[in-house]
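Values below: all heavy atoms of this structure, side chains included; hydrogens, waters and symmetry mates excluded. Quick note on labels: first sequence line is chain A, next is B, and so on, each numbered from 1.
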Protein chains: 2
Amino acid sequence: MENIDSTYLAKLQDHYAENGVLPPYSTIMGIVGMKSKSPVAALVARLKLQGYLESTPEKRLKPGRRFFERPIFDSVRAGFPSPAGDANHDTLTIDEFLVSHPSSTVLVNVKGDSMIDAGILPGDTVIVEKRAVANVGDLVIAIIDNEFTLKTLGKEKNGYVLIPANPAYPVIRPKGDMEIFGIVVGQFRKYK
Amino acid sequence: MENIDSTYLAKLQDHYAENGVLPPYSTIMGIVGMKSKSPVAALVARLKLQGYLESTPEKRLKPGRRFFERPIFDSVRAGFPSPAGDANHDTLTIDEFLVSHPSSTVLVNVKGDSMIDAGILPGDTVIVEKRAVANVGDLVIAIIDNEFTLKTLGKEKNGYVLIPANPAYPVIRPKGDMEIFGIVVGQFRKYK
DNA sequence: ACAATAATGGAACGAACGTTCTATTGTCAA
DNA sequence: TTGACAATAGAACGTTCGTTCCATTATTGT
């Protein structure tokens, strides 16, 4: 992608992040610094070709699949990336990366600190695929005493157990069958 | 809110989740099962009053502050989706939740374990807003010896320092000015 | 059952839309 | 410098928009 198109795309991404919609061409003119809808139409056509924008049936613009790509750096390369989207950067789309099966995936807030040594803090959100079957070693959401609990699934000779990652909490050995709500496939946290 | 309005709102939320935009009134008619734009206008007025919808300067609809309120699971309560606490995030996409300023945001892979006690593990990805100025206490990506390093920004009498969250690592006291690449606004991890 | 009110359907209208065209300006290569 | 091509500005146009109005239907209370 040309550098100038990256700059225009970034301005559209900011507008979308702030407003939740993409504007009409006449407004895009102002956003990208053009004085006519003609070059906006040309820009839109280029961005459509590359998967960043699409049109709705009503001829409005909507984000394309690539609209939410974000540049990603390897932390051992302090590279001085140019912000206006060096086209050679790797990119990652967070939702596509974290959510494989949207129809069976839910987000669950983490309330306690029983998994703190595994890097899961209170206030984090975990991404849960709803499944009743899990493997030993999986992070799972189980239902104990009608409450969700997040633990690692373990196995002892008497059956399955739930292992915390915090020495202040005991291993849970449920009587009877253990109910698994789902397996944890991801986690995220916001600082600001 | 009236139950019927909740149903209409849910249909609009689904449309938005799928398309990334809200449609014009004529399309909303079809979505909610009305045959005229008049009752759509009345519905929109009600939803605006309650903070679910807003208008753009171009008279298009955009999500209001409350549009993203959706039931999500709260981990202390079992099994049935119920509204989480007031201050909880709600989001249609994780990207939307974590990325506020796309044009200045990049992702950085975490390689070391110097922040392990802060719940940031090797292999995690952090979301970085590129800024040269940070506050004490912020998680920052700094550039030391031409490499990225992730630490908490601290202050000593001789200047700013970089504080790890792992006792195996020393506080870093850069000679001369410290170069801040950006501040860390979020983090995510994938398990499977 | 009847009256009052609310909700909906359909029509109308000025404004804005996306698209296309032409003229002008800008860029690049010889 | 000149010519060819690309990019942009400005104008035009048929379509669609959001808004408003009025008539009809639905709902509610007495």
Exercise. Write down the distance between CE (B:Met34) and P (D:dA26), rounded to a whole number of angstrom.
Key: 15 Å
Quiz item: Has A:Tyr160 got more than 12 heavy atoms of other residues, nucleotides or ligands less than 6.0 Å from its OH?
Solution: no
Practice problem: I would like to know whether A:Arg70 and A:Leu92 meet side-chain contact (heavy atoms from CB on, under 4.5 Å); could you show each step before the answer? | Solution: CA-CA 5 Å; A:Arg70 309 297 176 202; A:Leu92 181 139; 5.8 Å; no
Self-check item: Spacing of B:Leu43 atom CG relative to D:dG18 atom P, expressed in whole Å
Solution: 13 Å
Listed pairs, N/O of protein and of nucleotides 16-19 of chain C, under 3.5 Å:
{"residue": "C:dC17", "atom": "OP1", "partner": "A:Ser26", "partner atom": "OG", "Å": "2.9"}
{"residue": "C:dC17", "atom": "OP2", "partner": "A:Ser26", "partner atom": "OG", "Å": "2.8"}
{"residue": "C:dC17", "atom": "O3'", "partner": "B:Arg60", "partner atom": "NH2", "Å": "3.4"}
{"residue": "C:dG18", "atom": "OP1", "partner": "B:Arg60", "partner atom": "NH2", "Å": "3.3"}
{"residue": "C:dG18", "atom": "OP2", "partner": "A:Tyr25", "partner atom": "N", "Å": "3.0"}
{"residue": "C:dG18", "atom": "N7", "partner": "A:Lys37", "partner atom": "NZ", "Å": "3.0"}
{"residue": "C:dG18", "atom": "O6", "partner": "A:Lys37", "partner atom": "NZ", "Å": "3.4"}
{"residue": "C:dT19", "atom": "OP2", "partner": "A:Tyr25", "partner atom": "OH", "Å": "2.7"}

Exercise. Please say whether more than 12 non-hydrogen atoms of neighbouring residues, nucleotides or ligands are located less than 6.0 Å from OH in B:Tyr169.
Key: yes
Quiz item: How do B:Ala42 and A:Ser36 order along DNA chain C: which one's closest nucleotide is nearer the 5' end?
Solution: B:Ala42
Quiz prompt | Over 12 foreign heavy atoms within 6.0 Å of NE2, B:His101 | solution = no
Quiz item: Can you check the B:Met29 CE to D:dT16 C1' distance for me, whole Å?
Solution: 13 Å
Quiz item: A:Ile4 CD1 to D:dA6 C1': how many Å, rounded?
Solution: 15 Å
Quiz item: Ignoring hydrogens and geometry, is there a side-chain-to-backbone donor-acceptor pair from A:Asp95 to B:Asp95 under 3.5 Å?
Solution: yes
Quiz item: Distance-only, no hydrogens or angles: does the A:Asp124 side chain make a donor-acceptor pair with backbone N or O of A:Val110 under 3.5 Å?
Solution: no
